[in-house]
Amino acid sequence: MAAAGPCGFLALLLLGGLVAGAAGTTGFIKSPLSQKRLTQDSVELYCEAIGSPIPEIQWWFEGNDPNETYTQLWDGAWQDRVRINATYNLHSTSTISIANLTADDSGMYECRASNDPDRNHLSKSPKVKWIRSQANVFVIERPDIKGHVTEVSGKLVLACNMTAPHPAIGGHEWLRGDKVLQTDADSSAFTTYTIEGKKEEHSGVYECVYKTSPVIKGQVNISVPPQVMAYKKSEHGNEGDTGVLTCKNPSFPPVNSWTWYKNGQDPIINGSGRYIIKSSGNKTELRILKLSIEEDTGDYHCNATNSDGFGGATVNLRVRSRLAALWPFLGIVAEVLVLVTIIFIYEKRRKPDEVLDGKR
């Protein structure tokens, strides 16, 4: 094997541990990093190695029990909580992820790499030892966070309280989705966020974030019955066309079920007659095929139900005759005809007078 130059050799040393032998050289490009996690969280460790031939990567685990020894991990281990994805192209990469962590998952995780042909032989000793890179995973018991919302003098006060024991707190953040609403550097386990307005105007999911290691999050929900809105309060359609009526619910929690009905009639069943209903979460759509002036004109109601109650909205549908679009044109034609008739009569009446004047 050709000797590597000084720069190349130094680069390999920087990349990771090297093992030279008959089977070639193996080294780590990336090693797994130690992490802190909470129970019920997940953790992901990454390892990358180079060598010629391309080395195999394995994952091993040793718990914190003094009597525990290293055991190999495989995809689907620990009641299918372990997932291992590996690729072997130009070099080796492997990712191990563990879901729904428990305190027993704390310990040393070891990435091992080797390209020796006899590396997995049961009786032969490999010529080249496995190289190893380790990372500690600390799984901390998740503290309990109590969240609630109260209405005080036209304001909404959202509060979170984290029970002891808990890690040191360096501050708090309040979030709604990805938007940061409030931040502070208070070390208290109790934090609040105040909103001006009514519940109906601010329903949704809010997060209280504790700046700890690792970060701990709680959740406060502002829940209200559906605040249903019609996309258009009045819809128009031509006779024979398809009419589309739409309602939506912008509030939280999401709608469980939608119902459409016309004034004084039973609920409309999807697929019955000329009706098609399409509902998905917080939106519903009623399609009426081949609109009829006599049968379809009127008020339609969309009703929504969620875990906090129900709400509804009304859409008025007006069906126009197919000839409705022609009325403006026919009106213009009529006006032109009247004008032409007036001009014709006028010309007819004045011509005899002009002839008599000519004879004189």
Side-chain angles (χ1 to χ4, degrees), residues 31-46 59 61-68 73 77-83 95-111 134-153 155-196 199 202-224 252-253 307-308:
S31 297
L33 301 175
S34 295
Q35 302 179 39
K36 285 183 180 179
R37 286 291 184 268
L38 297 170
T39 52
Q40 301 169 26
D41 280 350
S42 60
V43 68
E44 187 173 278
L45 302 172
Y46 182 78
W59 289 95
F61 169 75
E62 183 182 44
N64 292 328
D65 191 326
N67 298 322
E68 193 166 348
L73 299 176
W78 294 354
Q79 296 180 338
D80 212 31
R81 292 190 299 117
V82 175
R83 282 283 173 259
T95 303
I96 184 171
S97 57
I98 302 147
N100 197 20
L101 289 168
T102 68
D104 292 336
D105 298 330
S106 294
M108 186 75 72
Y109 290 80
E110 192 172 83
C111 173
Q134 298 173 331
N136 267 309
V137 173
F138 305 93
V139 182
I140 304 168
E141 196 68 37
R142 178 182 292 276
D144 187 31
I145 297 178
K146 301 292 185 183
H148 63 274
V149 57
T150 54
E151 294 185 73
V152 182
S153 304
K155 298 179 181 179
L156 302 172
V157 180
L158 283 63
C160 282
N161 189 27
M162 182 162 60
T163 58
H166 55 72
I169 300 169
H172 314 89
E173 280 186 345
W174 280 89
L175 305 176
R176 186 178 184 183
D178 295 329
K179 184 180 180 181
V180 178
L181 305 172
Q182 176 180 291
T183 183
D184 64 57
D186 191 0
S187 61
S188 171
F190 182 75
T191 177
T192 63
Y193 173 65
T194 303
I195 302 173
E196 300 277 351
K199 273 187 172 185
H202 301 282
S203 66
V205 178
Y206 296 78
E207 281 187 319
C208 53
V209 181
Y210 289 84
K211 296 178 181 178
T212 55
S213 180
V215 169
I216 301 173
K217 297 181 180 181
Q219 184 171 299
V220 180
N221 296 336
I222 299 180
S223 302
V224 296
F252 178 88
S307 55
D308 276 63

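Counting from 1, the numbers follow the sequence of the chain as shown. Keep in mind the model is a prediction, meaning the values are calculated, not measured.
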Atom pair [atom1] ([X]) and [atom2] ([Y]), whose distance is rounded to the nearest 0.5 Å:
X	Y	atom1	atom2	result
Q40	S42	CD	OG	11.5 Å
S97	Y46	OG	OH	13.5 Å
L101	I140	CG	CD1	11.5 Å
I222	I195	CD1	CD1	4.0 Å

- Does F61 have any ring-ring contact (aromatic ring centres under 6.0 Å, His included) partners at least two apart in sequence or in another chain, and if so, which?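 F61: ring-ring contact (aromatic ring centres under 6.0 Å, His included) contacts with W78, Y109.
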Indicate the atoms forming the closest heavy-atom contact of [X] with [Y], along with that distance.
X	Y	result
G107	N64	CA-OD1, 3.6 Å
T39	A103	CG2-N, 4.1 Å
Q182	T192	NE2-O, 2.9 Å
I216	P167	CD1-CD, 3.8 Å
P143	L38	CD-CD2, 4.3 Å

For the side chain of [X] and the backbone of [Y], is there at least one donor-acceptor N/O pair under 3.5 Å apart?
X	Y	answer
Q35	E44	yes
H202	E196	yes
N136	S34	no
S223	P253	no

- Message: Could you go through T191 and D186, starting from their C-alpha distance and side-chain angles, then the distance that decides it, and tell me whether this counts as side chain to side chain contact (heavy atoms under 4.5 Å, CB included)?
- Response: CA-CA 9 Å; T191 177; D186 191 0; over 6 Å; no
- How would you list all residue pairs meeting salt bridge (charged side-chain N to carboxylate O under 4.0 Å, His left out) that involve residues 97-106, not counting sequence neighbours? R81-D105
- Message: For Q219, give me all partners under side-chain hydrogen bond (donor to acceptor under 3.5 Å, both in side chains), at least two apart in sequence or on another chain.
- Response: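 Scan of Q219 (side-chain hydrogen bond (donor to acceptor under 3.5 Å, both in side chains), adjacent residues dropped) gives N221.
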When the side chains of residues 157-165 are checked against the rest of the protein, which donor-acceptor pairs come out under 3.5 Å, sequence neighbours left out?
residue: T163; atom: OG1; partner: D144; partner atom: N; Å: 3.4
residue: T163; atom: OG1; partner: D144; partner atom: O; Å: 3.1

- What residues form a salt bridge (charged side-chain N to carboxylate O under 4.0 Å, His left out) with D178, not counting sequence neighbours?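 For D178, no residue satisfies salt bridge (charged side-chain N to carboxylate O under 4.0 Å, His left out) once neighbours in sequence are set aside.
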- Message: Which residues pass the salt bridge (charged side-chain N to carboxylate O under 4.0 Å, His left out) test with R176, not counting sequence neighbours?
- Response: none
- Query: Any side-chain heavy atom of R142 sitting closer than 4.5 Å to one from I145?
  - Reply: no
- Query: side chain to side chain contact (heavy atoms under 4.5 Å, CB included) between V220 and Y193: does it pass, once the steps are laid out?
  - Reply: CA-CA 10 Å; V220 180; Y193 173 65; over 6 Å; no
- Task: Take E110 and E62 through the test side chain to side chain contact (heavy atoms under 4.5 Å, CB included) and record every step on the way to the result.
- Result: CA-CA 8 Å; E110 192 172 83; E62 183 182 44; over 6 Å; no
- Task: Using the side chain to side chain contact (heavy atoms under 4.5 Å, CB included) rule, take V82 and I96 through it: C-alpha gap first, then chi angles, then the decisive distance, then the call.
- Result: CA-CA 7 Å; V82 175; I96 184 171; 3.9 Å; yes
- Task: Look at atom CG of L181 and say whether more than 12 heavy atoms of other residues, nucleotides or ligands are closer to it than 6.0 Å.
- Result: yes
